[in-house]
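In what follows, a single structure is set out as structure tokens and then discussed.
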Amino acid sequence: GDPEAGELGLAAVPGREAAFRQGLAAAVQYAGAVGCHRIHVMAGRVPLGADRAAVAGEMETTFIENLRYAADLLAQENMIGLVEPINNRITDPRYYLNTPHQAAAILEKVGRPNLKLQLDLFHCQIMDGNLSRNLDTYFPLIGHIQIAQVPGRHEPDSPGELNFPYIFELLESLGYTGYVGCEYSPRGDTLEGLVWLRSYWESRGLQHGGTSKAAE
């Protein structure tokens with residue numbers, strides 16, 4: 001979409017279907033060039049001045065139709081489409097897709113195996129909490145995990161509500177083998193902001209890069 005016009009994705013925005021398809025085609029080209037096999041298909045915002053409840057049905061219909069189109073296109077490229085709930089309490093009051101429950105219901109209606117849930121634990125905690133049960137419940141749908149501490153959206157070892165060593169162990173116990181995206185704003189610079197990761201590896205008996213000391 002057009003960020004300068006206040007757009008944040010187009011997949012659920014009625015009347016913007018042609019622009020959505022153009023953007024998706026460009027995203028596929030970029031993803032193919034860099035060897036990325038997952039694309040976040042952003043839902044977009046409730047139109048300015050519109051009542052969320054009044055437009056919810058039309059936006060869901062648009063979203064489902066666009067997701068089916070996206071899934072079929074991505075399947076040709078052996079790619080996966082991801083949908084991410086973004087909280088509307090702090091981050092974006094007008095974003096259409098807000099909870100994992102809403103995302104799961106839409107994915108079920110779309111019915112395409114190459115569409116998955118991008119679960120950002122920052123947004124999930126703000127909207128619903130109950131992370132352990134939600135991870136267990138929605139694990140079969142998860143295609144990507146993102147993390148940030150709540151409420152500051154900084155490093156996972158910053159002060160906040162979430163116990164990330166517990167969460168990482170839970171993901172391992174569930175059998176998660178994908179990437180965990182660091183979707184946070186560092187309190188300082190990027191390298192300083194990654195000190196938590198070295199500390200976490202050392203706490204697990206690992207060295208830099210996640211290799212086992214025993215293996216070395």
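Positions are given from 1, in the same order as the sequence printed here.
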**Item:** Trace of the salt bridge (Lys or Arg N to Asp or Glu O under 4.0 Å) decision for E60 with K109
**Value:** CA-CA 10 Å; E60 180 177 289; K109 292 177 182 178; 2.7 Å; yes

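- The minimum heavy-atom distance between R187 and D157, with the atom names listed, is NH2-OD1, 3.6 Å.
- Each of L67 and V13 belongs to its own hydrophobic cluster when Ile, Leu, Val, Met, Phe, Trp and Tyr are linked at side-chain heavy-atom distances under 4.5 angstrom.
- Looking at T137, its side chain does come within 3.5 Å of a backbone N or O of R133 through a donor-acceptor pair.
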**Request:** Any chance you could lay out the side-chain contact (heavy atoms from CB on, under 4.5 Å) test for T61 and E58, step after step, and finish with the verdict?
**Result:** CA-CA 5 Å; T61 298; E58 184 182 9; 5.7 Å; no

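- No donor-acceptor pair under 3.5 Å is formed between the side chain of E4 and the backbone N or O of D2.
- A single hydrophobic cluster is not seen to contain both W201 and V195; linkage of ILVMFWY side chains at heavy-atom distances under 4.5 Å, directly or through other members, places them apart.
- Remark: the backbone N or O of G32 is not paired with any side-chain donor or acceptor of E77 at under 3.5 angstrom.
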**Message:** Before you tell me yes or no, could you show the steps for I86 and T91 under side-chain contact (heavy atoms from CB on, under 4.5 Å), namely the whole-Å CA-CA distance, both residues' side-chain angles and the distance that decides it to 0.1 Å?
**Reply:** CA-CA 7 Å; I86 296 176; T91 302; 4.0 Å; yes

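- Geometric assessment of R153 against the ring of F122 yields a positive cation-pi assignment under the 6.0 Å and 45° thresholds.
- Side chains of Y184 and S158: a donor-acceptor N/O pair is absent below 3.5 angstrom, by distance only.
- A 4.5 Å side-chain heavy-atom check between L119 and Q146 finds every atom pair outside the cut-off.
- Without hydrogens or angle criteria, N66 side chain to A11 main chain gives a donor-acceptor distance under 3.5 Å.
- The main-chain N or O of P186 is never found under 3.5 Å from a side-chain atom of H154 such that the two would form a donor-acceptor pair.
- Within the 4.5 Å cutoff, side-chain heavy atoms of I106 are placed close to those of Q102.
- Checked by atom type, the side-chain pair E155/Q149 shows no donor-acceptor distance below 3.5 Å.
- Looking only at side-chain heavy atoms (C-beta outward), L107 and L117 come within less than 4.5 Å of each other.
- Taking every heavy atom of both residues into account, G175 and F139 meet most closely at C-CZ, 3.7 Å.
- Side-chain contact between M127 and R89: present, with at least one pair of heavy atoms (C-beta onward) separated by less than 4.5 Å.
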**Request:** Could you check L131 against L162 for side-chain contact (heavy atoms from CB on, under 4.5 Å), going step by step and ending with a plain yes or no?
**Result:** CA-CA 9 Å; L131 292 186; L162 301 183; 3.5 Å; yes

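- Connection of L170 to Y179 is not established within any shared hydrophobic cluster, with ILVMFWY side chains joined at heavy-atom distances below 4.5 Å, either directly or through further cluster members.
- Across all non-hydrogen atoms, the minimal contact from A148 to F164 is O-CZ, 3.5 Å.
- Considering only heavy atoms from C-beta on, L135 comes within 4.5 Å of L171 through its side chain.
- Using a 4.0 Å cut-off between charged nitrogen and carboxylate oxygen, R16 and E7 count as a salt-bridge pair.
- Ion pairing of E172 with R204 is present here, as a side-chain N (NZ or NE/NH1/NH2) and a carboxylate O approach within less than 4.0 Å.
- Taking the centre and axis of the six-membered ring of Y69, the NZ or CZ atom of R21 falls inside the cone set by 45° and 6.0 Å.
- In this structure, H40 NE2 and M42 CE are separated by 4.5 Å, a value rounded to the nearest 0.5 Å.
- Among all heavy-atom pairs drawn from N78 and H37, the shortest one is O-ND1, 3.6 Å.
- Under the 3.5 Å distance criterion, the side-chain polar atoms of Y176 are matched with a main-chain donor or acceptor of I145.
- In this structure, I80 CD1 and R112 CZ are separated by 15.0 Å, a value rounded to the nearest 0.5 Å.
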**Prompt:** Please walk me through it: do Q118 and V83 pass side-chain contact (heavy atoms from CB on, under 4.5 Å)?
**Reply:** CA-CA 6 Å; Q118 179 170 305; V83 298; over 6 Å; no

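- Separation of atoms NE2 (H123) and CG (N88) is listed at 11.0 Å; rounding is to 0.5 Å.
- Without hydrogens or angle criteria, R52 side chain to V46 main chain gives no donor-acceptor distance under 3.5 Å.
- Remark: the backbone N or O of Y95 is paired with a side-chain donor or acceptor of N98 at under 3.5 angstrom.
- D51 CG: more than 12 foreign heavy atoms inside a 6.0 Å radius.
- Between Y30 and C36 there is no side-chain heavy-atom pair separated by less than 4.5 Å.
- Considering CG of N134 and SG of C124, their distance stands at 4.5 Å, rounded to 0.5 Å.
- Under the 4.5 Å side-chain heavy-atom criterion for ILVMFWY residues, no single connected hydrophobic cluster contains both L97 and L82.
- Between the side chain of D120 and the backbone N or O of I147, no donor-acceptor pair lies under 3.5 Å.
- By the 4.5 Å heavy-atom criterion applied to side chains, N114 and L74 are counted as neighbours.
- Taking 4.5 Å as the limit, every side-chain heavy atom of H144 sits out of range of all side-chain heavy atoms of K116.
- Here R94 pairs with nothing under the salt bridge (charged side-chain N to carboxylate O under 4.0 Å, His left out) rule; sequence neighbours left out.
- Between A56 and Y96, the shortest heavy-atom contact is O-OH, 3.8 Å.
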